[in-house]
Number of protein chains: 2
Amino acid sequence: MDSKTLSLYFSLFNEIGIIEQLSRTLFESQLPDGFLMSHFSVLNHLIRVQDGQTPLKLAQAFQLPKTTMTHTLSVLEKHGLIEMRPNPKDGRSKCVWLTTKGQDFRNEAIEKLAPFLATLAEQFPPEAVNQLVPGLTEIRQFMDKQRD
Amino acid sequence: MDSKTLSLYFSLFNEIGIIEQLSRTLFESQLPDGFLMSHFSVLNHLIRVQDGQTPLKLAQAFQLPKTTMTHTLSVLEKHGLIEMRPNPKDGRSKCVWLTTKGQDFRNEAIEKLAPFLATLAEQFPPEAVNQLVPGLTEIRQFMDKQRD
DNA sequence: TGTTTTTAGTGCGATATCGTACTATACAGT
DNA sequence: ACTGTATAGTACGATATCGCACTAAAAACA
């Protein structure tokens, strides 16, 4: 692979890294003090996808180490935003359930983020996003297969 | 903004977050023990873009807090991968220079990453990346303007 | 059924990341 | 030149993230 092509792929991951950084900072500025993107992401996922998932499922959904998810969940639980109950199907496992407080927290965050997303949508309309996401998904799926 | 559109934009940032996570894990698995993406990124940037930049410039390039960059640079300097010299044009500032050891470190990392990138290129050719990057750049630039 | 292997979650220690507050220098306005 | 303001870098403390090692339960298998 020539160095120019190499550079292209690096710029891809670099661009992604910067957007991740910027979006995280921006999102976090809209969250209550002491809360981070990681906290919001989990709550949002529980609503968007499914309630009652296991910690492992959540860790896999974000491709994070189990141990990181354990920590994040413990913070959410300490604040009463989620409940951890034993998994009736597996004695080793648990299920993560949103509390009403957790749902409210997420909805309020969404409301705070809405103006920003609306502004983004003006310059970068949904059709443009639709054109972008499949490519990203393809890359993600490839990288998913690679890690072994 | 209806909830479906909202969901679309969240999935965009979610996908980006997961790719960031996956690429970081993958890249770090190819680095010597104790080194992280952040370390490699700085070295790579110093070669790809320009040697002798100030810490602030570097922080801005990655959109990271100054204080994070200070820490990263101190690690790199401790390992002899960079040198920090006073900025002749500004008494408050410094300039970051790569050492030979730092260049070697970066080049060896690149070599280790090359096979992965080559495999990625098979499934996701440079033309596809070229099609993706401008959209990402546009989003980044928009977010850049937003933070104020 | 007893044994071995795999898997879910966690405790712990090391380091990264980040916000706040501070110092020293540069710059702007007078 | 003098004074007030802005800027570059850092020290420090709090928390996040992560790898490793461990426990307990499940699953595989003899």
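Residue numbers begin at 1 in each chain, while the letters A, B, ... track the order of the sequences. Predicted model only: the values in this text are computed from it and were never measured.
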Using a 4.0 Å heavy-atom cut-off, does A:Asp90 contact any base of the nucleic acid, only the sugar-phosphate backbone, or nothing at all?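 Sugar-phosphate contact only.
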What nucleic acid atoms does A:Ser74 come within less than 4.0 Å of, heavy atoms only: base, sugar-phosphate, or nothing?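 Contact class for A:Ser74: none.
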Intermediate values then yes/no, side-chain hydrogen bond (donor to acceptor under 3.5 Å, both in side chains), B:Gln103 and B:Arg106: CA-CA 5 Å; B:Gln103 292 173 11; B:Arg106 182 266 186 180; over 6 Å; no
Which residues, if any, of residues 41-71 of chain A bring a heavy atom under 4.0 Å of DNA chain D? A:Leu64, A:Pro65, A:Thr67, A:Thr68, A:His71
Ignoring backbone atoms, test whether B:Arg24 places a side-chain nitrogen or oxygen under 4.0 Å from the OP1 or OP2 oxygen of D:dC18.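 Yes, because at least one side-chain N or O of B:Arg24 sits under 4.0 Å from OP1 or OP2 of D:dC18.
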Protein-nucleotide distance ([X], atom [atom1]; [N], atom [atom2]), rounded to Å:
{"X": "B:Leu73", "N": "C:dA16", "atom1": "CG", "atom2": "C1'", "value": "14 Å"}
{"X": "B:Asp33", "N": "D:dC18", "atom1": "CG", "atom2": "P", "value": "16 Å"}
{"X": "B:Glu28", "N": "C:dT15", "atom1": "CD", "atom2": "C1'", "value": "12 Å"}
{"X": "B:Glu20", "N": "C:dA16", "atom1": "CD", "atom2": "P", "value": "16 Å"}
{"X": "A:Leu36", "N": "C:dT17", "atom1": "CG", "atom2": "P", "value": "14 Å"}
{"X": "B:Met37", "N": "D:dC18", "atom1": "CE", "atom2": "C1'", "value": "16 Å"}
{"X": "B:Leu26", "N": "D:dC18", "atom1": "CG", "atom2": "C1'", "value": "16 Å"}

Any salt bridge between B:Arg85 and B:Glu83, counting N to O under 4.0 Å?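 Salt bridge present between B:Arg85 and B:Glu83.
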Check this for me: does any side-chain nitrogen of one of B:Arg92 and B:Asp90 sit under 4.0 Å from a carboxylate oxygen of the other? yes
Heavy atoms, side chains only, cut-off 4.5 Å: are B:Gln21 and A:Pro65 in contact?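 Yes - at least one pair of side-chain heavy atoms lies under 4.5 Å apart.
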Side chain of B:Gln21 - closest among D:dC18, C:dA8, D:dA16: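 Nearest to the side chain of B:Gln21 among the choices is D:dC18.
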Taking the minimum atom-to-atom distance to the side chain of A:Lys94, which one of D:dA26, C:dG9, D:dG9 wins? C:dG9
Tell me if a side-chain donor or acceptor on B:His71 pairs with a main-chain N or O of B:Thr68 at a distance below 3.5 Å.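 Side chain of B:His71 to backbone of B:Thr68, a donor-acceptor pair under 3.5 Å: no, none is there.
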Is the backbone N or O of B:Ser29 less than 3.5 Å from a side-chain atom of B:Lys112, with the two atoms forming a donor-acceptor pair by type?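 Checked: no pair found.
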Could you say whether B:Thr25 or A:His39 is positioned toward the 5' end of DNA chain D, judged by the nucleotide with the nearest heavy atom to each?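 Between the two, 5'-proximity favours A:His39.
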Please figure out whether A:Ser38 or A:Lys89 has its closest DNA chain D nucleotide nearer the 5' end.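 Taking each residue's closest nucleotide, the earlier one in sequence belongs to A:Ser38.
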Return whichever of A:Arg92 or A:Met84 has its heavy-atom-nearest nucleotide of DNA chain C closer to the 5' end.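 Counting from the 5' end, the first nearest nucleotide belongs to A:Arg92.
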Kindly determine whether A:Thr119 and B:Gln146 satisfy side-chain hydrogen bond (donor to acceptor under 3.5 Å, both in side chains), including the steps that lead there. CA-CA 9 Å; A:Thr119 315; B:Gln146 286 304 110; 4.8 Å; no
